[in-house]
Amino acid sequence: MPHVLHPSKREPFKLTLNTDGHSHPVENALAVAALACGVVAFVMAFFPSAHVVGSWVGTLGFGVGLYSQYVSVTTPQRALNIVGLVGSFVGAALGIVHGGFLPTP
């Protein structure tokens, strides 16, 4: 058991969405777009005066996230999609509650 005495050589941690070794630029872009829309919609949910932005961006992010989840290939893409979907849903729902898709006079 000489391998026990020597420290193991590990590869450095790399943050990647392509865990299968293949490049997926469209799927990666969709997953990042869904996440970005989800974050924007979720943040806009905390400002009732920004209900128009939250509603529209949340609805857009929810649609993009659903399609991105449908075409995703790797698990990290799916994780970003779920986070984006939840953020988009919450942002759109609270945006609708605060006033909807159109500006209030």
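Computed from a prediction, not measured in an experiment: that's the story for all the values here.
- Closest approach of Gln69 and Asn81 over heavy atoms only: OE1-CB, 3.1 Å.
- In plain terms, the two heavy atoms of Ala50 and Met44 that are nearest each other are CB-SD, 3.6 Å.
- Just one residue in the list Leu85, Leu30, Leu17, Asn28 forms a side chain to side chain contact (heavy atoms under 4.5 Å, CB included) with Leu80, and that residue is Leu17.
- Ring geometry, Tyr70 versus Tyr67: the interplanar angle falls from 30° to 60°, so the pair is classed tilted.
- Taking all atoms of both residues into account, the shortest heavy-atom contact from Gly87 to Ala41 is O-CB, 4.0 Å.
- Listed by chain and number, the residues in a ring pair (Phe, Tyr, Trp, His ring centres under 6.0 Å) with Phe47 amount to none (sequence neighbours excluded).
- Of the possible polar contacts, none joining the Thr74 side chain to the Thr19 backbone as a donor-acceptor pair under 3.5 Å is found.
- Following chains of ILVMFWY side-chain contacts shorter than 4.5 Å, one can reach Ile96 starting from Val52, so the two form part of one hydrophobic cluster.
- The shortest heavy-atom contact between Ala31 and Ser68 is N-OG, 3.4 Å.
- Using a 4.5 Å heavy-atom threshold, the side chains of Ser72 and Glu27 count as separate.
- In the hydrophobic clustering, Val97 connects to no other residue, as no ILVMFWY side-chain heavy atoms lie under 4.5 Å from its own.
- The shortest heavy-atom contact between Asn18 and Gln77 is OD1-NE2, 4.3 Å.
- Connection of Val71 to Val26 is established within a shared hydrophobic cluster, with ILVMFWY side chains joined at heavy-atom distances below 4.5 Å, either directly or through further cluster members.
- In this structure, His51 contributes its side chain and Gly100 its backbone to a donor-acceptor pair below 3.5 Å.
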N/O donor to acceptor pairs below 3.5 angstrom from side-chain atoms of residues 56-66, sequence neighbours left out:
{"from": "Trp56", "atom 1": "NE1", "to": "Phe101", "atom 2": "O", "distance (Å)": "2.9"}
{"from": "Thr59", "atom 1": "OG1", "to": "Ser55", "atom 2": "O", "distance (Å)": "2.7"}

